[in-house]
Chemist: 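Following this message is one structure expressed as structure tokens.
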Amino acid sequence: MFDIYLDSPNLSDLEKDYLLRAVDSNFVSTLGPFVPEFEEKFAKYLNVNSCVSVQSGTAAIHMALYELGIGAGDEVIVPAITFVATVNPIVYCGATPVFVDVDANTWNIDPEKIKGAITSKTKAIIVVHLYGNPCDMNTIMKIAGEHGLYVIEDATESLGAIYKGKYTGTIGHMGCFSFNGNKIITTGGGGMIATNDKKRAEHIKYLVNQARDNFPGYHHSEIGFNYRMTNLEAALGLAQFERLDEFLSKKQLFKKIYKDVFDGIEVIELQKEYTDAISSSWLFSIKIDTKKVKKTIPEIQDKLKDREIPSRRIFKPIVDMPPYLKYKRGNYNNSYDIYERGLNLPSSTLNEPEGIEYTAKSLLEILGI
Ligand SMILES: *Cc1c(COP(=O)(O)O)cnc(C)c1O
């Protein structure tokens with residue numbers, strides 16, 4: 001049999017080579033040639049003017065908000081289901097998150113709900129391409145344009161995902177990526193901000209380097225941050241980046257296998273893509289008719305675990321976390337339904353196609369189909 005992996009990183013001799021080159025050069029910290037090389041290659045791939053590397057996806061979102069001047073008294077619209085790291089940076093900036101429900105089919109922020117949440121205090125929308133699935137960006141950019149709002153794309157799960165011919169993370173004012181160990185590519189831990197605004201990118205580069213005015217020397221005209229990526233991390237990133245196409249096509253193959261096995265199965269509903277959108281399928285995700293199959297998601301997960309198949313629950317709606325309870329308003333029916341009935345299935349590129357097929361067929365057996 002084969003081992004099955006949920007979201008484990010895929011590392012090879014290439015990563016070892018790059019890391020050794022960084023060690024041999026003695027550039028392991030934040031100065032080093034791999035950092036600008038990684039940023040330049042990333043910008044070229046995305047076809048944007050500028051990319052700035054940082055320590056995490058969370059730091060990328062924090063810097064995007066900070067650079068756009070989001071602060072006390074401002075409201076930022078976000079979807080109710082996402083990883084908490086989408087939302088915490090809003091609070092770091094002293095602004096107020098405004099949670100809206102997601103669409104039942106795509107699981108992404110519902111543009112109609114965005115419209116209903118806009119007030120005179122709204123400054124920005126953070127959209128999340130959940131599990132790699134692109135949001136309805138045309139509609140969102142139109143709404144944002146009409147109200148003079150910034151759009152920050154949380155593309156931490158959607159590197160390589162395409163919306164109408166453009167990569168996610170390149171459509172809004174700022175795009176944020178993550179290189180945590182379980183994302184599409186990893187640097188061990190890291191992030192990137194992509195933008196077509198060169199001036200803002202230069203300023204972020206300055207901010208994340210302690211806002212240091214001169215080098216060598218110690219003059220700081222602003223409060224800065226220590227959010228720089230290290231040369232070791234960039235070394236790993238460059239190796240992983242060379243393998244991005246391999247990873248993305250594997251994810252597309254896994255998506256096809258899951259879709260083929262689940263085709264026509266009434267109790268399984270796939271996370272749907274918008275027209276002209278291709279999800280990176282970072283984590284292949286489904287909704288199960290738990291009433292009909294008479295099993296809860298944790299029960300199904302236990303049965304999968306018996307077969308050594310890992311799985312993951314959907315993010316809990318953020319409005320149910322103690323720091324965010326006070327921001328709960330309106331209804332989040334779709335978010336709760338996706339949380340109650342949703343499941344992330346094994347999607348690591350370490351998997352073999354046979355392992356994915358075994359997973360899909362095992363799930364049908366567990367559901368009594
Ligand atoms: C991973 C993730 C982040 C944060 O990225 P880190 O690199 O872990 O800080 C933010 N938002 C979402 C949706 C994520 O999945």
Side-chain angles (χ1 to χ4, degrees), residues 6-9 38 42 51-66 76-93 97 99-100 102-103 106-109 124-135 137 151-161 168-169 172 174-194 204 208 225-230 232-234 236-237 240-241 247 251 271 279-285 312-319 321 323-324 335 338-339 342 344 347-348:
L6 181 74
D7 57 2
S8 308
F38 187 38
F42 213 80
C51 281
V52 185
S53 60
V54 287
Q55 275 292 340
S56 65
T58 312
I61 296 166
H62 186 193
M63 285 300 94
L65 287 163
Y66 190 89
V76 180
I77 296 173
V78 280
I81 40 166
T82 177
F83 184 46
V84 73
T86 308
V87 185
N88 287 340
I90 300 170
V91 180
Y92 301 164
C93 290
F99 295 97
V100 301
V102 296
D103 175 69
T106 61
W107 308 13
N108 280 334
I109 194 163
I125 306 163
I126 304 181
V127 302
V128 182
H129 306 294
L130 200 69
Y131 303 127
N133 193 29
C135 293
M137 289 309 291
V151 175
I152 296 169
E153 294 181 73
D154 180 337
T156 52
E157 304 179 348
S158 68
L159 174 58
T168 55
M174 301 257 172
C176 301
F177 295 85
S178 166
F179 311 123
N180 186 39
N182 63 353
K183 298 294 162 74
I184 305 256
I185 64 170
T186 185
T187 60
M192 192 80 85
I193 300 147
I204 294 172
V208 301
F225 301 82
N226 182 6
Y227 276 173
R228 294 163 299 176
M229 180 176 275
T230 68
L232 277 179
E233 289 161 345
L236 207 50
Q240 288 268 289
F241 199 59
F247 295 161
K251 299 262 191 201
Q271 184 188 15
S279 173
S280 65
S281 290
W282 171 58
L283 289 178
F284 190 84
S285 306
R312 197 174 101 162
R313 271 200 92 162
I314 303 305
F315 296 119
K316 193 174 181 180
I318 309 284
V319 285
M321 316 286 176
Y324 294 107
S335 300
I338 293 164
Y339 171 62
N344 299 139
S347 300
S348 163

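Quick note: numbers below take in every heavy atom, side chains included, and nothing from hydrogens, waters or symmetry partners. Both counts, for ligands and for their atoms, begin at 1 and track the order of listing.
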Chemist: How far is atom 15 (O) of ligand 1 from its nearest protein heavy atom, and which residue and atom is that?
Modeler: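 Its nearest protein heavy-atom neighbour is Glu157 OE2, 2.5 Å.
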
Chemist: Testing the basics here: between Ser178 and Gly57, what is the closest heavy-atom pair and its distance to 0.1 Å?
Modeler: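 Distance-wise, the nearest heavy atoms are CB-CA, 4.0 Å.
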
Chemist: Considering only the protein, which heavy-atom contact is closest to atom 11 (N) of ligand 1, and what is its distance?
Modeler: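 Ranked first by proximity to atom 11 (N) of ligand 1 is Asp154 OD2, 2.8 Å.
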
Chemist: If I compare all heavy atoms of Lys183 with all of Thr156, which pair ends up nearest, and what's the gap?
Modeler: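 Closest approach of Lys183 to Thr156: CD-O, 3.2 Å.
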
Chemist: Among protein heavy atoms, which lies nearest atom 9 (O) of ligand 1, and at what distance?
Modeler: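 Nearest protein contact, heavy atoms only, for atom 9 (O) of ligand 1 is Thr58 OG1, 2.5 Å.
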
Chemist: For atom 12 (C) of ligand 1, find the nearest protein heavy atom and state the residue, atom name and distance (0.1 Å precision).
Modeler: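 Atom 12 (C) of ligand 1 sits closest to the protein heavy atom Thr156 OG1, 2.9 Å.
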
Chemist: Indicate yes or no: does an N/O atom of Gly57 lie under 3.5 Å from an N/O atom of ligand 1?
Modeler: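 So ligand 1 has an N or O lying under 3.5 Å from an N or O of Gly57.
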
Chemist: Please could you name the atoms of ligand 1 that Thr82 approaches to less than 4.0 Å, counting only its heavy atoms?
Modeler: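 Answer, ordered by atom number: 13 (C).
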
Chemist: To the nearest 0.1 Å, how far is atom 5 (O) of ligand 1 from its closest protein heavy atom, and which atom is that?
Modeler: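 So the nearest neighbour among protein heavy atoms is Ser178 OG, 3.3 Å.
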
Chemist: Atom 2 (C) of ligand 1: which protein heavy atom is closest, and how many Å away?
Modeler: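 Its nearest protein heavy-atom neighbour is Lys183 NZ, 2.6 Å.
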
Chemist: Mark the output for Gly190 as yes if a heavy-atom distance to ligand 1 is under 4.0 Å, and as no if none is.
Modeler: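 In this structure, Gly190 qualifies as a contact of ligand 1 - some heavy atom is under 4.0 Å.
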
Chemist: Among Thr168, Val151, Asn108, find the residue that satisfies the side-chain contact (heavy atoms from CB on, under 4.5 Å) test when tested with Met137.
Modeler: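 In the set Thr168, Val151, Asn108, the residue that makes a side-chain contact (heavy atoms from CB on, under 4.5 Å) with Met137 is Val151.
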
Chemist: Which atoms form the tightest heavy-atom contact between Ile318 and Val84, and what is the distance?
Modeler: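 Answer, listing the atom of Ile318 first, then Val84: CD1-CA, 3.6 Å.
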
Chemist: For Phe83 and Tyr131, I'd like to know if the aromatic rings sit close, meaning centre-to-centre distance below 6.0 Å.
Modeler: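 Between Phe83 and Tyr131, the centre distance exceeds or equals 6.0 Å.
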
Chemist: Using the rule given for ring-ring contact (aromatic ring centres under 6.0 Å, His included), can you reason through Phe42 versus Phe177, listing the C-alpha separation, both sets of side-chain angles and the distance that settles it, and then say yes or no?
Modeler: CA-CA 11 Å; Phe42 213 80; Phe177 295 85; 5.3 Å; yes

Chemist: What atoms of ligand 1 come closer than 4.0 angstrom to any heavy atom of Thr86?
Modeler: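 In order of number, 11 (N), 13 (C).
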
Chemist: Is a donor from one side chain sitting under 3.5 angstrom from an acceptor on the other, for Thr86 and Asp154?
Modeler: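 Short answer, yes.
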
Chemist: Using a 4.0 Å cutoff against the non-hydrogen atoms of Ala85, which atoms of ligand 1 qualify?
Modeler: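 Per the distance check, 3 (C), 4 (C), 10 (C).
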
Chemist: Would you name the heavy atoms of Trp282 and Lys251 that are closest together and state the gap between them?
Modeler: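 Residues Trp282 and Lys251, closest heavy atoms: O-NZ, 3.0 Å.
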
